[in-house]
Amino acid sequence: MAHLTLGIETSCDETAAAVVEDARRIRSSVVASQDLLHAPYGGVVPELASRRHVETVWPVVREALTRAAVTLDEIDGIAVTAGPGLIGSLLVGLCFGKALAFARNIPLVGVNHLEGHLYAAMLHHEGLSFPFTGLVASGGHTHLYLATAPGEYRLLGRTRDDAAGEAFDKVAKFLGLGYPGGPRIEEWARKGDPHVVRFPRSIPPRSSYDFSFSGLKTAVVNYVKGTGYRAQGIGGTTPDPQPYPLDPVLVANVCAGFQEAVVDVLVRISLAAAKTSASRRLVLAGGVACNGRLRSRLAQQATEEGVQVYCPAPSLCTDNAAMIAAAGYPRLLRGERAVLSLNADADLALGLT
Ligand code: KG4
Ligand code: ZN
């Protein structure tokens, strides 16, 4: 008989719930975005995020059950994100999941958000199996893993400063393009020429798979300031940014050059890691994996280098609860149960380092 997992995800600024059948078939996936709430600030305001989660978590879970045409009595297990993320946000989903599990006597497991991102690829590609190399590139993480089996991960490399998505968001904020920055920069980059401005690429020494994006971000700021244009300033907290004059051609070319540099680095390092593993399978996940230029450059280069790439649909790359349900399913099936003292961990690590 089919096993139904209810996934709950509130690690950052999306309130999400999903019902997934046997970790492969999505019966429903509901995501309530808080983008409009945080947009005036150019980034997520943690306190506002947790308050909004409190308001939306139950309506979102109810909507996921309705769309899946099931009641709580038919749910076989609950998988909830336990970390990493914003502590206040995490606590809302976790407490809600624990309360639901206790009140209705439903088995519960806590899931690592990063493992969830990797499992999104499983939901999208039926044929994908362990082992594989997995890159999670999101707003909070740029982490490269060797995934050997469910629950078994080894960290191969990570960003030493900004995450890739964070770099997109900060550069977009500096240019006054709005939040979240990734999709805005991608849109502007389509109108620009990536060869007009060549920004520096940070490539680690041979034995390392670490990333670094803060130098690139500074290079963009210095370049734009050097042209004499006034920009908003990274780290500014102006709640209501005013429009200001920036030459659209300059913005388009800077966006194209910046995006090309990020894509170059992500493609080079993740392919280098994937080529050292026997499976030669590479999973690309996390919000930055929505980026069309990254997807096409990686697909092309991977074909040339004999690596098979698995990338979820964009709706599964950004935060969602279907990926949390999929990651929790094998553990629920094995009989794992979270104790009700389970706590959220803002810095929860995935696997061995
Ligand atoms: O995985 P996600 O939804 O949340 C985190 O766990 O952080 O990722 C959000 C990040 C943001 O930094 C956003 O700017 C970035 O993913 N992102 C993109 C694109 N869409 C979202 N970055 C580049 N290109 C995109 N199209
Ligand atoms: Zn995420």
Side-chain angles (χ1 to χ4, degrees), residues 7-16 18 29 31-35 38-39 41-44 46 49 81-86 89-90 93 111-121 134-143 145 158-159 162-175 177-190 194 211 213 216-217 234 255-256 258-267 283-298 311-324 326-327 346-348 350:
I8 301 173
E9 151 67 37
T10 64
S11 68
C12 190
D13 61 339
E14 325 277 2
T15 319
S29 180
V31 180
S33 165
Q34 299 182 3
D35 281 355
H38 303 288
Y41 306 95
V44 178
T81 306
L86 299 170
S89 291
L90 286 166
V111 168
N112 186 304
H113 180 81
L114 300 172
E115 185 178 18
H117 273 304
L118 293 175
Y119 263 86
L135 174 69
V136 182
S138 68
H141 296 86
T142 302
H143 282 40
Y145 294 98
R158 54 171 294 173
T159 181
D162 291 346
E166 189 181 356
F168 270 99
D169 293 337
K170 284 178 173 171
V171 166
K173 184 174 180 178
F174 171 72
L175 295 171
L177 305 182
Y179 173 84
R184 312 279 170 99
I185 289 196
E186 180 173 9
E187 211 180 302
W188 275 92
R190 259 187 240 120
F211 303 85
F213 294 106
L216 170 60
K217 174 191 68 191
I234 286 177
C255 287
F258 164 76
Q259 176 176 271
E260 207 62 15
V262 176
V263 167
D264 247 7
V265 169
L266 292 176
V267 167
V283 164
L284 175 66
V288 179
C290 292
N291 188 278
R293 182 74 181 151
L294 173 60
R295 294 167 85 102
S296 63
R297 283 272 319 275
L298 186 63
C311 192
S315 62
L316 286 171
C317 288
T318 46
D319 288 350
N320 65 87
M323 68 185 197
I324 302 302
D347 301 312
L348 187 64
L350 178 64

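In this chain, residues are counted from 1 in sequence order. Values reported hereafter were calculated over all heavy atoms of this structure, with side chains retained and with hydrogens, waters and symmetry mates removed. Numbering of ligands and ligand atoms starts at 1, following listing order.
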For V44, does its backbone N or O pair with a side-chain atom of D13 as donor and acceptor, under 3.5 Å?
no
Exactly one of L350, L348, D319 clears side-chain contact (heavy atoms from CB on, under 4.5 Å) with H113, and that residue is D319
Rounded distance [0.5 Å steps], CZ in R297 versus CD in E260:
5.0 Å
Pair N291, Q259: side-chain N/O donor-acceptor within cut-off below 3.5 Å:
yes
What protein N/O/S atoms are found closer than 2.8 Å to the Zn ion (ligand 2)?
H113 NE2, H117 NE2, D319 OD1
Could you identify the single nearest non-hydrogen protein atom to atom 9 (C) of ligand 1 and state the distance to 0.1 Å?
G139 N, 3.8 Å
The protein heavy atom nearest to atom 2 (P) of ligand 1 is D319 OD1, 3.4 Å
Quick test: of every protein heavy atom, which one is nearest to atom 24 (N) of ligand 1, and how far off is it to 0.1 Å?
N291 ND2, 3.0 Å
Part of H117 within contact of ligand 1 (heavy atoms, under 4.0 Å)
side chain
Where do V136 and L118 land on the side chain to side chain contact (heavy atoms under 4.5 Å, CB included) test, with the steps shown first?
CA-CA 7 Å; V136 182; L118 293 175; 3.8 Å; yes
Which residue and atom name correspond to the protein heavy atom nearest atom 23 (C) of ligand 1, and how close is it?
G182 CA, 3.5 Å
Identity and distance of the protein heavy atom lying nearest atom 14 (O) of ligand 1:
D169 OD1, 2.7 Å
Any donor-acceptor N/O pair, T142 side chain to A164 backbone, under 3.5 Å:
yes
Approximate separation, where rounding is to 0.5 Å, of Y145 OH and H143 NE2
4.5 Å
Could you tell me whether the side chain of D35 reaches within less than 4.5 Å of the side chain of P180, counting heavy atoms only?
yes
For T318, the ligand 1 atoms whose distance to one of its heavy atoms is below 4.0 Å:
3 (O)
Using the benzene-type ring in the case of Trp, are the ring centres of F168 and F258 under 6.0 Å apart?
yes
Hey, are the side chains of K173 and Y179 touching, using non-hydrogen atoms and a 4.5 Å cut-off?
no
So is H113 in contact with ligand 1, going by heavy-atom distances below 4.0 Å?
yes
Looking at G165, which atoms of ligand 1 are within less than 4.0 Å of one of its heavy atoms?
12 (O)
In this structure, atom 17 (N) of ligand 1 is nearest to the protein heavy atom G287 O, 3.5 Å
Partner of E9 under side-chain contact (heavy atoms from CB on, under 4.5 Å), picked from N320, V31, V111, I324, is I324
Before giving the answer on side chain to side chain contact (heavy atoms under 4.5 Å, CB included), spell out for F211 and V262 the whole-Å C-alpha distance, their side-chain angles and the decisive distance to 0.1 Å.
CA-CA 10 Å; F211 303 85; V262 176; over 6 Å; no
Please list, in number order, the atoms of ligand 1 under 4.0 Å from a heavy atom of G140.
7 (O)
Using non-hydrogen atoms of the residue, decide whether C12 is closer than 4.0 angstrom to ligand 1.
no
What is the nearest protein non-hydrogen atom to atom 26 (N) of ligand 1, stated with its residue, atom name and distance?
E186 OE1, 2.7 Å
